[in-house]
Every structure is written in C-alpha cells, then in structure tokens.
Amino acid sequence: MGKSNTRFLMQFAVLAIVLSTAIMVKEATSIPVCNIDTNDLEKCRPAVTGNNPPHPRPDCCAVARAANLQCLCPYKSYLSTFGINPSRVRPLLANCGLNSPSCF
C-alpha cells in the first residue's frame, strides 16, 4: 500500500471515529472536522437526506459557508455512512449560493 493510501486510510479512520462518537453521545462535545463542528452537521441533515429534501435553512448555509469543502472530498464516498446522500451535497451548496468543489 502506498504512502498516500495509508495516510488517507488513517485520516478516514480518525474521521469515522470522531463522527461515530459524536453521533452516539447524545450531547457530544463539538469536534471540528474540515471547519465544521460535528454538532452543526445536524443543521444540514434534512437538506441531504430523503427522496425530496427541503431547501437548506439559513443556519445550514452558514455551516456550509464556514466549511472547508475541498477538505471533505476524500470522505465523499463515506458520507452515506452518516446518513448523508452524497448526490444531495451539490444541490445544497448551490441553494446556499456556494460553488461545489469538483469532487461533488
């Protein structure tokens, strides 16, 4: 396994542990990942789940604006693990007036 693959796997493992812990603990301490506090992810969940999600609310757009979107690219394929439909990310960003990174 190459050095970059090992680094990616380590980064993903850390992200998975952090997000899983945050989800399992009811009042988890907010942990920043790619400039997003894990507790703030809930603000965007309605806009990225289900068959016909609503437009994102202003508080969700504030989270999206603060996020380092390029930082999230390596984790795109794992978003569904956390209940986020990756195909809903681009429309969410567009509805917030943001440009999507090429990975989304």
Side-chain angles (χ1 to χ4, degrees):
M1 186 179 301
K3 193 174 189 177
S4 63
N5 285 343
T6 301
R7 182 175 178 207
F8 171 77
L9 290 174
M10 290 298 291
Q11 288 174 335
F12 172 71
V14 169
L15 178 67
I17 291 167
V18 166
L19 292 178
S20 296
T21 301
I23 289 168
M24 290 188 304
V25 177
K26 192 170 188 174
E27 293 191 25
T29 301
S30 189
I31 301 167
V33 176
C34 299
N35 295 344
I36 301 172
D37 287 330
T38 52
N39 289 341
D40 288 339
L41 290 175
E42 287 301 314
K43 295 175 182 175
C44 293
R45 187 172 300 280
V48 291
T49 57
N51 291 329
N52 192 18
H55 285 282
R57 296 174 42 105
D59 56 346
C60 170
C61 289
V63 171
R65 276 188 215 93
N68 178 342
L69 299 173
Q70 197 64 43
C71 171
L72 293 171
C73 287
Y75 309 111
K76 178 184 174 184
S77 62
Y78 300 103
L79 292 176
S80 60
T81 305
F82 304 104
I84 297 170
N85 182 338
S87 68
R88 305 275 189 233
V89 174
R90 184 178 288 274
L92 178 145
L93 296 173
N95 286 323
C96 289
L98 298 170
N99 294 323
S100 298
S102 60
C103 65
F104 285 103

(message) Would you compute the distance between atom CG of N68 and atom SG of C73 and round it to the nearest 0.5 angstrom?
(response) 9.0 Å
(request) Please report the closest heavy-atom contact between A66 and N35, naming both atoms and the distance. (result) O-CB, 3.2 Å
(request) Indicate, with yes or no, whether the SG-to-SG separation of C96 and C61 is under 2.5 Å. (result) yes
(request) For the pair N95 (side chain) and P91 (backbone), establish whether a donor and an acceptor sit closer than 3.5 Å, ignoring hydrogens and angles. (result) yes
(request) Test L72 against V89 for side-chain contact (heavy atoms from CB on, under 4.5 Å), laying out the working first. (result) CA-CA 11 Å; L72 293 171; V89 174; over 6 Å; no
(message) Could you tell me if the side chain of C60 sits less than 4.5 Å from the side chain of V48, heavy atoms only?
(response) no
(request) Please answer whether the main-chain N or O of N39 pairs with a side-chain N or O of D37 as donor and acceptor at a distance below 3.5 Å. (result) no
(request) For residues N51 and R88, report the shortest heavy-atom separation together with the two atoms involved. (result) O-NH2, 3.1 Å
(request) Indicate the atoms forming the closest heavy-atom contact of F104 with K76, along with that distance. (result) CE2-CG, 3.7 Å
(message) Evaluate L98 against R65 for side-chain contact (heavy atoms from CB on, under 4.5 Å), listing each step before the verdict.
(response) CA-CA 7 Å; L98 298 170; R65 276 188 215 93; 3.7 Å; yes
